[in-house]
Amino acid sequence: MTTPLTLTPGRRPDGTALLTAVGEIDMSNTDVLAAALDSTTGPLVLDLTGIEYLDSAGLSVLFPHADRIELIANPLLEPVLTISGLAGLTTIHDV
């Protein structure tokens, strides 16, 4: 059974847009993630610490935004982000 994706927008103390994702990111919900990323302009911190699963469809949504996003990722996602090459295109903070 798939864990649904929950996206919560917010702001960091410095005013930077923050999007917190919880659940799983896969081909069943990438349209929701893409819409959230597209609707936020300027720099964005994407908190993925609550993500349990990220597939290639989810990664493909992140790549077009690599020049303006910073990711906060749990240790489970770090190998996927590195192997995919996304870690070389954006800043990734671990928890």
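- A distance of 9.5 Å separates CD1 of Ile25 from OG1 of Thr30, quoted to the nearest 0.5 Å.
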Extract all donor-acceptor atom pairs below 3.5 Å that involve side chains of residues 85-92 and protein atoms in other chains or at least two apart in sequence.
residue	atom	partner	partner atom	Å
Thr90	OG1	Ala66	O	3.4
Thr90	OG1	Ile69	O	2.2

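- Between Val45 and Thr16 the shortest heavy-atom distance is CG2-CG2, 4.0 Å.
- Across Ala21 and Leu7, no two heavy atoms sit closer than the pair CB-CD2, 3.6 Å.
- Listed here is the closest heavy atom pair of Leu19 and Ala36: CD2-CB, 3.8 Å.
- In terms of heavy-atom proximity, Asn74 sits nearest to Leu48 at ND2-O, 3.5 Å.
- Considering only heavy atoms from C-beta on, Val95 comes within 4.5 Å of Pro75 through its side chain.
- Closest approach of Glu78 and Asp94 over heavy atoms only: OE2-CB, 2.8 Å.
- Every residue meeting the side chain to side chain donor-acceptor pair (under 3.5 Å) condition with His65, not counting sequence neighbours, appears here in chain and number order: Asp38, Arg68.
- Each of Ile72 and Val22 belongs to its own hydrophobic cluster when Ile, Leu, Val, Met, Phe, Trp and Tyr are linked at side-chain heavy-atom distances under 4.5 angstrom.
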Using residues 51-64 as the side-chain source, report each donor-acceptor pair under 3.5 Å to any protein atom, sequence neighbours left out, with the distance given to one decimal.
residue	atom	partner	partner atom	Å
Asp55	OD1	Ala57	N	3.0
Asp55	OD1	Gly58	N	3.0
Asp55	OD2	Met27	N	3.4
Ser60	OG	Ala57	O	2.7

